[in-house]
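Step one of this worksheet: look at the structure below.
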Amino acid sequence: MGLLERLRKEWFILGIVLVIAVARLEPGVGVKGGPLKPEITITYIAVSAIFFNSGLSLKTELADSRLHATSCVFCCNFNQSCWWK
């Protein structure tokens, strides 16, 4: 296996190492109130991206049944909370 082929196969680990190295060299980018605004990007954008990505990996048959079950549970709980005040 050649070097270029190995790098293509291990692109994720290589990316993590590269990001860690850049963060070590320039830690001011990720501080609170810095240019990345981690209090917003980590709290909302990163978590949303993780859930969106994991949702894309679901099989459609399984996603349809889970979506239906989730909406039924939500509606049932929402209706009960409106009735029992």
query: How far apart are the closest heavy atoms of G28 and P35, and which atoms are they?
result: O-CD, 3.9 Å
field: Hydrophobic cluster identity match, W11 and I20, side-chain contacts under 4.5 Å
entry: yes
query: Would you say the side-chain atoms of T43 pair up with the backbone N or O of I40, donor to acceptor, closer than 3.5 Å?
result: no
- prompt: So how far is it from I42 CD1 to K32 NZ, rounded to the nearest 0.5 Å?
  reply: 10.5 Å
message: Please find the pair of heavy atoms, one from L36 and one from G30, that lie closest to each other, and give the distance.
response: CD1-CA, 4.5 Å
task: Taking the side chain as every heavy atom from C-beta outward, state whether L14 and L7 have any pair of such atoms under 4.5 Å apart.
output: yes
task: List the atom of G33, the atom of E39, and the distance in Å for their closest heavy-atom pair.
output: N-OE1, 3.4 Å
